[in-house]
Amino acid sequence: MTAPPMLPKFRQQLILSVLMLCSLLIWLDNTVLSTTLETLADPVRGLAANPGQLQWATGSYTLAFATLMFSAGALGDRFGHRTVFSSGLVIFAGSSLWAAYATDAGQLIAARAAMGVGSALITPAMMAILIWTFTGPARAAAIGIFSTSAGVGMAAGPVLAGFLLDHFWWGSVFLINVPVAALALVGLAVLVPNFRSPTLRPLDPAGMLLSISGLVALAYGLIRAGQVAAWSRTDVWAPIVVGLVLLVVFVLVELRVKVPSFDPRLFAQRTFAGGNVALGLLLFGVAAITFYNAFYLQGALGFSPMKAGLANIPTAFGALAGAPLASRLVRRLSLRLVTVPALTVAALTMGGYGFLGLQTPLVWIEILLLIQGLSIGMVIGPVTAALISDLPLEQAGAGSAVTNTVRQTGSVIGIAVGGTIMSIVYRRAIEPSLEGAPGPVQDQARVSAEQARHVATVIHRPALAQAADNAFIHAMHIGAGWIAVIALLGAAVLLMTLPAGKKKGPIREPDDEEARSSV
């Protein structure tokens, strides 16, 4: 199919509803896991997962998503976007079922990676179908409506996860994906034509293999450092070095490809390079501090999953308000004047976790989360839009792939590094409190604060539980400081690379054929 059919308006609206349902599904899954981490770490209610396993449960999804998404659009061009979309939904639903009934952390990690594969196939196809379905002013309106699903998912995900965890077993947060995916599959089959581009983009198996293996090796080394609390071991530094070498080879290979899926040449443009580096550093901080937040609210403060989910709503509301606010400000001021202060504030709110403790009033936590969400929302949307709009239309698709990959890679490394800092500092802080305890008790308490609280309850030693809480808070304070510094580097990069004045001239809207070929 080389030209879009003229679909009736009612059918277009139904297609938009199906796409929003799928987008909501992806956003819900992105947010429910953070509420579930504390339960998964619990030896009784969950899988007794250690911090490294929880880092992989989070990171394996993001890693698969980051490294496969930039090739998924080419698959849609070749086989049809509905076909690829449906395949992604089947994989996502099947792996959600697998995750729901996983009997150990290893199975959960594998299932989460498979879910990431499904999401990588779904996400580009959603935008492609949206662009093929709507034209002219209706397209802009549809994209605006479609984007609200992200905000709904961000706000509803933690609350839904909290409700399910309070009333059912932990696997229910994944099982809920299955009926939603089944309903979306029916909608796709009945309503959506199998759009495909007349111009086939080449697949990039070498790039996929190198990027996946490089990021896996790098993440393994970083996470392993937290498990063994040492950087000098061969099983720590060797994977890190191998991962970095493979990623360098990946860039060199992509530079030699005529039509690369991930185009490093785009980084020759100062604004594009700086904006992507800043977004990667920001997403590094967001992923790491979200990881800390889950254990702080439910573990150290003892919130129920439902209460923790409700406590995180200000972050979502702040992000929803931040994006449109920044768009208005950018029209009056400039992108640099709006986003550099916003990213600076976001970094400072991450560092603000260094002042939270076991007795911090909830109202101060909520204010911190609201400001954090607002400032993050004021950066991600405007910077992403500016990066893509500054590119020639024929490079918009490649630019979008690069931006999404960098953001997801930042998240993967943020989880790995943030969790590793937390694990190393926690072990050193808990060690003095373990003197005189039996060997098995010491070994379990060193794993994590969750394991320490559990063994303290079993052996009736409340002082150990208190020591674990204090050790975790200390580790969170140290980690938050490092995370804030890294996020502040992102603000510095924006300051140095974004133009000082307002952008002159209107941004040209792509015509139908150009828009489709860029997805």
Side-chain angles (χ1 to χ4, degrees), residues 24-51 53-62 96 99-100 102 105 108-109 111-112 115-116 119 149-178 180 286-320 350 353 356 362 365-366 368-370 372-373 376 411 414-415 418-419 422 448-450 453 472 476:
L24 179 63
L25 177 67
I26 299 298
W27 278 100
L28 283 173
D29 186 74
N30 284 340
T31 53
V32 296
L33 185 64
S34 61
T35 308
T36 315
L37 290 174
E38 176 70 24
T39 302
L40 291 171
D42 190 279
V44 177
R45 297 179 298 138
L47 297 176
N50 62 45
Q53 291 169 329
L54 293 175
Q55 287 170 270
W56 276 115
T58 305
S60 63
Y61 173 94
T62 309
S96 294
L108 178 62
I109 292 167
R112 288 286 298 167
M115 291 172 72
S119 295
S149 59
V152 174
M154 288 173 60
V159 178
L160 176 62
F163 173 81
L164 292 172
L165 291 171
D166 277 352
H167 293 83
F168 305 98
W169 96 111
W170 63 263
S172 60
V173 302
F174 300 113
L175 196 62
I176 195 69
N177 295 337
V178 178
V180 179
V286 170
I289 211 67
T290 301
F291 192 75
Y292 287 13
N293 181 63
F295 297 104
Y296 173 62
L297 293 180
Q298 293 185 58
L301 298 187
F303 285 11
S304 69
M306 186 67 178
K307 186 176 180 180
L310 291 170
N312 279 302
I313 287 181
T315 306
F317 284 167
L320 283 173
M350 295 172 191
Y353 276 71
L356 301 181
L362 180 58
I365 300 173
E366 299 296 83
L368 181 70
L369 293 178
L370 177 63
Q372 185 175 96
I376 291 170
S411 297
I415 293 166
M422 183 176 71
S448 66
E450 288 69 35
R453 295 186 197 102
F472 168 80
M476 184 179 73

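For T58, there are no side-chain hydrogen bond (donor to acceptor under 3.5 Å, both in side chains) partners two or more places apart in sequence or in a different chain. Q298 pairs by the side-chain hydrogen bond (donor to acceptor under 3.5 Å, both in side chains) definition with nothing, not counting sequence neighbours. For A294, the side-chain contact (heavy atoms from CB on, under 4.5 Å) partners at least two apart in sequence or on another chain are L37. For I313, the side-chain contact (heavy atoms from CB on, under 4.5 Å) partners two or more places apart in sequence, or in a different chain, are V159, L310, F317. Shown here are the ring-ring contact (aromatic ring centres under 6.0 Å, His included) partners of F291, two or more places apart in sequence or in another chain: F295. For S448, the side-chain contact (heavy atoms from CB on, under 4.5 Å) partners at least two apart in sequence or on another chain are P51, E450, Q451. Under the side-chain hydrogen bond (donor to acceptor under 3.5 Å, both in side chains) criterion, T36 pairs with no residue, sequence neighbours left out. Looking at residues two or more places apart in sequence or on another chain, you find a side-chain contact (heavy atoms from CB on, under 4.5 Å) between L368 and T349, Y353, L356. Not counting sequence neighbours, the partners of R112 by the side-chain hydrogen bond (donor to acceptor under 3.5 Å, both in side chains) test are D29.
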Side-chain atoms of residues 163-172: list all donor-acceptor pairs with protein atoms under 3.5 Å, sequence neighbours left out, distances to 0.1 Å.
from, atom 1, to, atom 2, distance (Å)
D166, OD2, M306, N, 3.4
H167, ND1, F163, O, 2.8
W169, NE1, A100, O, 3.4
S172, OG, W169, O, 2.7

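With Y292 contributing its side chain and G418 its backbone, the two residues share a donor-acceptor pair below 3.5 Å.
A distance of 12.0 Å separates CG of L40 from CG of N50, quoted to the nearest 0.5 Å. The CG atom of L320 sits 11.0 Å away from the OG1 atom of T315 when rounded to the nearest 0.5 Å. Distance check: I176 CD1 to L160 CG gives 6.0 Å after rounding to the nearest 0.5 Å. Taken to the nearest 0.5 Å, the NZ atom of K307 stands 8.5 Å off from the CG atom of L301.
Using a 4.5 Å heavy-atom threshold, the side chains of N312 and L369 count as touching.
Residue Q372 comes nearest to I289 through the heavy atom pair OE1-CG2, 4.0 Å, listed as atom of the first residue, atom of the second, then distance. Across all non-hydrogen atoms, the minimal contact from P305 to T35 is O-CG2, 3.7 Å. Nearest heavy atom pair, residue V178 against residue S96, reads CG2-CB, 4.5 Å. Across all non-hydrogen atoms, the minimal contact from M115 to A99 is SD-CB, 4.2 Å. The two residues S119 and I26 have their closest heavy-atom pair at OG-CD1, 3.4 Å. Scanning both residues, L362 and A311, for their nearest heavy atoms gives CD1-CB, 4.4 Å.
The salt bridge (Lys or Arg N to Asp or Glu O under 4.0 Å) contacts involving residues 310-320 comprise nothing, where partners must be two or more places apart or lie in separate chains. Among residues at least two apart or in separate chains, salt bridge (Lys or Arg N to Asp or Glu O under 4.0 Å) pairs with a member in residues 34-43 are E38-R453, D42-R45.
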### Message
Working note: F174 + L108, criterion side-chain contact (heavy atoms from CB on, under 4.5 Å); need CA distance, chi angles, decisive distance, verdict.
### Response
CA-CA 11 Å; F174 300 113; L108 178 62; 3.9 Å; yes

#### Entry: Derivation and outcome, side-chain contact (heavy atoms from CB on, under 4.5 Å), residues L25 and N177
CA-CA 7 Å; L25 177 67; N177 295 337; 3.4 Å; yes

